[in-house]
Each structure stands twice: as C-alpha cells, then as structure tokens.
Novice: 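Input: one structure, supplied below.
Values below: every heavy atom of this structure, side chains too, minus hydrogens, waters and symmetry copies.
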Amino acid sequence: MTSALILLKALDLPGLRLGVIPARAELALFPGHAFSIFDSEQVKVETYASGLNITDKAEIAVYEKAFTLLERSAAYGDDARALIEAELHALG
C-alpha cells in the first residue's frame, strides 16, 4: 500500500512523467526490466543482480525505442491516478 501512495505523490512531481501499465494492457513490448532515461544522455538499468549505467548513444537509442513502445500501453495523469486509486481501494 505504501508503494501506491508514493506513486500517487510522484504523479505531481515536476519534471517527471510517470506512466502506469495496466495489468490487462495490450503490450507492444514486454517490460523486461526497469530503466530510466536521463535527457537522452544516460540510461540507468535495474536488473535482479546489478545496475547498469549506459552512455553509448546507440544503446541509449534502443532504450528510447523501447520506451516509445511501452508508453503506448501506459496510462498517464488522471488515468494513472485512477488506476492506482482503484488498487488502493481493492486493498481496503
């Protein structure tokens, strides 16, 4: 429940675009692992065993393409908030 509350607060942070992929969303790409892109200059990847810091332009482009595919399935803004709130409600 705490994670959902943190996500709700994060939705209002300036400079952050937070998308939520619903469990039943049609996916153009399987979201294999977590990653963050920083101004097309760096990608931080989180894996089960370690974290990666990518600065190679060609590799960054791969993650930017992956993000473009994933964002098609995500909800943003009020729609994302509604999904998170529905989960909180379901948890009681």
Novice: Give, for atom OG of S3 and atom CG of L8, the distance between the pair rounded to the nearest 0.5 Å.
Specialist: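 It comes to 11.0 Å.
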Novice: Which residue pairs pass the ring-ring contact (aromatic ring centres under 6.0 Å, His included) test when at least one of the two sits in residues 64-92, sequence neighbours left out?
Specialist: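 Residue pairs with at least one partner in residues 64-92: there are none.
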Novice: Measure the spacing between NZ of K57 and OG of S40 and express it to the nearest 0.5 Å.
Specialist: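 So the NZ of K57 and the OG of S40 are separated by 7.0 Å.
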Novice: Return the CD1 to CG distance between I84 and D79, rounded to the nearest 0.5 Å.
Specialist: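 Atom-to-atom, I84:CD1 and D79:CG are 11.0 Å apart.
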Novice: Using residues 10-31 as the side-chain source, report each donor-acceptor pair under 3.5 Å to any protein atom, sequence neighbours left out, with the distance given to one decimal.
Specialist:
from : atom 1 : to  : atom 2 : distance (Å)
D12  : OD1    : R81 : NH2    : 2.8
R17  : NH1    : E71 : OE1    : 2.7

Novice: If we check side chain to side chain contact (heavy atoms under 4.5 Å, CB included) with V43, which of these qualifies: L52, I37, T55?
Specialist: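 Testing each of L52, I37, T55 against V43, the sole residue satisfying side chain to side chain contact (heavy atoms under 4.5 Å, CB included) is I37.
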Novice: How about CG on N53, more than 12 heavy atoms from neighbouring residues, nucleotides or ligands closer than 6.0 Å, or not?
Specialist: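 Atom CG in N53 is packed in, count exceeds 12.
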Novice: When you measure from the side chain of D39 to the backbone of E41, do you find a donor-acceptor pair of N or O atoms at a distance under 3.5 Å?
Specialist: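 No: the side chain of D39 does not pair with the backbone of E41.
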Novice: If you draw a 6.0 Å radius around CD in E64, do more than 12 non-hydrogen atoms from other residues or ligands fall strictly inside?
Specialist: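 Yes, the 6.0 Å shell around CD holds more than 12 heavy atoms from other groups.
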Novice: Among residues at least two apart in sequence or on other chains, which ones pass ring pair (Phe, Tyr, Trp, His ring centres under 6.0 Å) with F35?
Specialist: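 By the ring pair (Phe, Tyr, Trp, His ring centres under 6.0 Å) rule, F35 matches Y63.
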Novice: State yes or no: do V45 and V62 share one hydrophobic cluster built from I, L, V, M, F, W and Y residues joined by side-chain heavy-atom distances below 4.5 Å, directly or via other members?
Specialist: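 No, V45 does not connect to V62 through the hydrophobic network.
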